[in-house]
Amino acid sequence: MIATTRQQLAEIRRHGERDYPFECCGLLLGNFEEEGRKVVVETYPISNAREEEAKRNRFLIQPEELLRGEKYAREKKLDVIGFYHSHPDSPAVPSQYDLEHAWPTYSSIIVAVNDERSEDLWSWEMEADRSRFNKEEFVVETS
Ligand SMILES: [Zn+2]
């Protein structure tokens, strides 16, 4: 389960709309709590590192960007608890590429952006054996 705020979800949606028709991506920074619960404290936008023509279909976070994000998180006493990205003109469901490039434990928030407007937004968590993603329950706090 992952806890977020309305403001964080709005930031992810805005990032997805801004980068349309390309995929946006970013980190979810926060805390791992007991019983697999995660709490997002901040979103950390990252530009999409791929070549222009590949940007539409796949996201990639370059290692140095991830390191920078991790360093920033450490300074704020937070962890990287997941990733978010957008799916321009396709459903908010993980692709085969996403399955091959994700890790268990982390959350993957995906927002569908159709025609510059963000629509479905779901969080996914990978099965421990990496065979598939399961939809993750998310709680939206009002603060
Ligand atoms: Zn994807």
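Counting starts at 1 for both ligands and their atoms, following the listed order. Just so it is clear, the model here is predicted, and its values are computed rather than measured.
- Closest to the Zn ion (ligand 1) among the N, O or S atoms of D98 is OD2.
- Using a 4.0 Å cut-off between a side-chain N of Lys or Arg and a carboxylate O of Asp or Glu, K71 and E75 qualify as a salt bridge.
- Here the angle at the Zn ion (ligand 1) defined by NE2 in H85 and NE2 in H87 stands at 100°, rounded to 10 degrees.
- For a distance bound of 2.8 Å, the N, O or S atoms of E23 include none lying that close to the Zn ion (ligand 1).
- Ion pairing between R18 and E116 fails under the 4.0 Å rule for side-chain N and carboxylate O.
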Applying side-chain contact (heavy atoms from CB on, under 4.5 Å) to K135 and W124, what does each step give before you reach the verdict?
CA-CA 5 Å; K135 219 183 247 186; W124 301 85; 4.0 Å; yes

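- We find the CZ-OG distance between F138 and S107 to be 10.5 Å, quoted to the nearest 0.5 Å.
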